[in-house]
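Throughout, protein chains are lettered first and strands after them, A, B, ... in sequence-line order, and every chain is numbered starting at 1. As a basis for the values below, the full set of heavy atoms in this structure was taken, side chains included, without hydrogen atoms, waters or symmetry mates.
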Amino acid sequence: MTTRKLSVRNNQSWELDRLSVLDEETFRKRVIEEVRSGGRIANLFGLLEETGDVRIFALIGQDEQSKLSLFSFRVSQGAPFFRSLTPELPQAHWFEREIAEQYSIKPEGHPWLKPIRYHKNYRNAPGLWPESDGKTAPGRNDFFKAGGEEIHEVAVGPVHAGIIEPGHFRFSCHGEKILNLEIQLGYQHRGVEKMMQEVPAVRRALLAESIAGDTVIGHAMAYCSAMESLSACRISPRAEALRFVALELERLANHAGDLASLGADIGFLPTAAYFGRLRGEFLNLLMELTGNRYGRSFLRPGGVLFDMDAKMIDAFKHRLREAKEEMRDVSNLFFEQPSVLSRLENVGVISAESVRELGFVGVAARASGCARDVRMDYAHGMYRFHQVPISLANSGDVYSRAMIRWLESQRSIDVLLELFERMPKGDLMAALGPLKERYMTVSMVEGWRGEIIHTVITGPDSQIARYKVKDPSFNNWFALSEAVRGGQISDFPLCNKSFNLSYAGHDL
Amino acid sequence: MWGILKNRFKQGYRTCRYPEEKPVLPERFRGRPVLKNIQASPDGMDPSKDATNALSLKNSLEVDAGKLLFNEDILHAMPPGSLAYSTDYRMAVSKREDLILKENEIKLASALGQKMKKLFGRSLKLREVCAGSCNGCDLEIQALGNVVFDLSRFGIQFVASPRHADGLMITGPVTKNMELALMKTYEAVPEPKIVIAVGACAISGGPFYGSPEVKDGVDGLIPVDLYVPGCPPHPFTILDGLLRLLGRLEDNGS
């Protein structure tokens with residue numbers, strides 16, 4: 001048996017047999033080594049094999065080299081457990097809870113093993129948590145408790161005060177001070193991963209667009225790239241460019257929207273109103289292009305469905321220049337007010353060390369000085385030709401996360417204007433062949449929140465045997481718990497908005 | 001201070017003139033579907049392009065706007081030109097069956113009865129419950145509160161507690177994990193109450209229909225007074241539905 005490591009790039013596909021099955025000890029050793037030498041766990045997930053065994057895959061991102069190392073081992077159905085990686089690599093904790101829930105396999109030694117979504121396991125084996133097995137409402141297991149006479153708990157959700165998605169937040173507090181926040185999600189679980197394996201291709205694209213409604217383009221792009229890579233389809237530069245336009249417009253809309261919500265949360269209403277309207281401007285541009293404010297029905301495997309003519313490009317250029325000026329005015333108004341700064345600075349701090357230890361991604365990582373951005377690290381499509389410089393901030397607080405959004409908005413507009421000067425030519429759609437059999441691919445996209453990864457494995461009949469979705473929210477929900485620890489409970493909404501994570505993207 | 005005033009002056013007045021002025025949506029906008037060749041035969045149909053079974057061929061072609069995801073793919077399920085989208089955003093109806101479009105007529109939502117209209121006509125407080133949506137519909141409901149749509153000028157507001165609400169606005173296919181929370185929230189709203197289902201998921205399960213993890217929408221769990229189709233519906237579609245429900249729009253949608 002060869003134990004040579006398999007190194008892959010973003011959007012590459014390879015025969016599944018090229019990846020050797022290590023024994024558990026070797027797998028463990030190699031993964032720990034790889035992470036300690038500068039890597040991070042990009043994905044850790046299982047595949048239910050025809051024999052009933054479960055194969056575990058670890059994708060370790062080596063960001064500096066633009067490569068991912070891949071390792072795998074097998075857990076036999078007769079012995080459904082393995083030694084948890086979490087005590088050595090805390091960033092594995094959420095992935096291992098997911099594996100435990102999806103396959104009823106116990107990561108032994110995991111410090112806080114609980115279901116994350118509350119659903120039946122894929123093996124139809126007895127669940128690991130008899131007290132909640134077969135019950136539907138999440139949150140039945142015990143929450144982490146702080147002891148002491150003056151400690152009180154605050155329970156929030158699943159139905160919150162605002163117009164937002166459901167989730168349960170359990171705070172342990174001493175007076176106003178948060179000692180611990182435990183987040184229990186799963187209310188939004190719709191069974192997306194399983195459906196992606198079972199439904200026909202037309203419906204798969206629609207499901208991919210509905211993983212997280214604010215990241216339609218991001219997830220659709222990851223889905224389409226995965227399908228294209230598995231069928232060796234090359235899309236035209238024109239289609240690449242149009243996808244780039246849509247992804248950056250999505251980023252702009254969401255960044256403006258997040259700045260608006262931060263304005264609203266600290267009670268600085270003029271900026272809430274102006275940023276809120278600007279968000280609408282970007283959504284309306286997406287609607288001009290795609291017919292839908294969130295960009296649905298634009299990306300399909302093989303390319304895109306709509307083009308931009310010269311007139312539309314001119315109109316977009318004009319409107320983006322206008323939006324840039326307005327973004328600048330409103331951002332100056334926002335970031336220059338001492339009262340705004342005093343509410344944002346030193347609130348909800350995440351250290352760079354936490355980012356590295358716990359594996360946070362996207363805006364949250366960059367706000368703590370960690371240069372993680374798929375657009376640079378694993379550049380794909382048009383990002384190979386139009387580089388978007390990574391925006392960084394250092395303090396890791398709400399201010400930094402807000403600032404990153406403003407910096408990235410400027411860069412997105414600049415790079416779009418640059419692209420519009422020279423839009424490449426080509427067909428909108430390329431033909432897509434059948435998916436290769438017993439192949440595997442990984443597709444990474446820097447969505448507006450952070451790193452999206454779709455990993456797909458096909459079976460002997462070209463059917464999809466495993467469709468693994470990882471939204472950046474999956475990495476980052478724990479960052480929110482970290483950010484509020486030791487803070488004031490009244491700062492929680494502000495911290496929450498500064499991450500603005502997806503419940504649906506996590507719950508799948 | 002000067003900065004605030006300068007910005008305020010520059011921003012100007014941005015609220016749309018709706019409903020006095022009708023909004024104009026871009027050419028590519030996918031609004032209410034239009035059936036062009038009603039006498040389509042089953043030979044020309046390709047059901048594999050119709051992911052949510054929105055089309056059916058009985059005596060004539062029917063499209064269920066409650067199942068429709070307003071996507072491009074479905075246009076290829078029919079012979080070219082027989083199904084298209086108009087830019088008409090008005091689609092909200094009072095009864096589930098009114099969403100099934102046969103000929104190009106739509107029975108838009110009718111106003112609440114006299115008593116309910118008297119209670120809610122000038123002031124309606126809603127509690128929003130997201131029951132497994134992707135967040136798309138919720139974002140459009142949120143957008144109703146921005147300066148462009150400015151929902152509160154119509155006397156409609158979203159409140160934090162179901163006990164302060166006159167009704168619920170529900171999104172999502174109702175996941176099994178949210179069913180209990182949804183029912184409890186519904187029970188907490190004082191009578192009389194109204195229920196509004198927003199988006200394909202809340203009406204029929206949307207792209208998630210048939211998943212063992214969802215209930216395929218609100219119907220069958222609690223009675224619905226207003227159905228707003230779309231994936232997600234445009235804020236104007238929701239606003240149009242709300243104003244019709246309150247008897248504040250008189251046109252019949254033709």
Show your working on side chain to side chain contact (heavy atoms under 4.5 Å, CB included) between Asp73(B) and Leu206(A) and close with a plain yes or no. CA-CA 9 Å; Asp73(B) 319 81; Leu206(A) 298 165; 4.1 Å; yes

Please flag which part of [X] lies under 4.5 Å from any non-hydrogen atom of chain A: side chain, backbone, both or neither.
X	answer
Pro162(B)	neither
Ile4(B)	both
Lys184(B)	neither
Asn146(B)	side chain
Val174(B)	neither
Ile74(B)	neither
Cys231(B)	both
Leu139(B)	both
Gln11(B)	side chain
Ser48(B)	backbone
Glu140(B)	both

Is there a side-chain contact between Gln142(B) and Ile164(A) in this structure, where contact means two heavy atoms from C-beta onward sitting under 4.5 Å apart?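 Gln142(B) reaches Ile164(A) side chain to side chain.
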
Any side-chain heavy-atom pair of Arg30(B) and Asn292(A) under 4.5 Å: yes

Quick one: does any side-chain atom of Arg28(B) pair with a main-chain N or O of Leu289(A) as donor and acceptor, under 3.5 Å? yes

Test item: Ser211(B) side-chain N/O and Arg190(A) main-chain N/O as donor-acceptor pair under 3.5 Å: yes

Testing the basics here: between Asn135(B) and Asp214(A), what is the closest heavy-atom pair and its distance to 0.1 Å?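 Answer, listing the atom of Asn135(B) first, then Asp214(A): ND2-OD2, 3.3 Å.
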
Compute both the distance and the angle, then confirm whether Arg8(B) meets the cation-pi test with Tyr274(A): under 6.0 Å from the six-membered ring centre, within 45 degrees of the axis.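 Not flagged: Arg8(B) not positioned over aromatic ring of Tyr274(A).
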
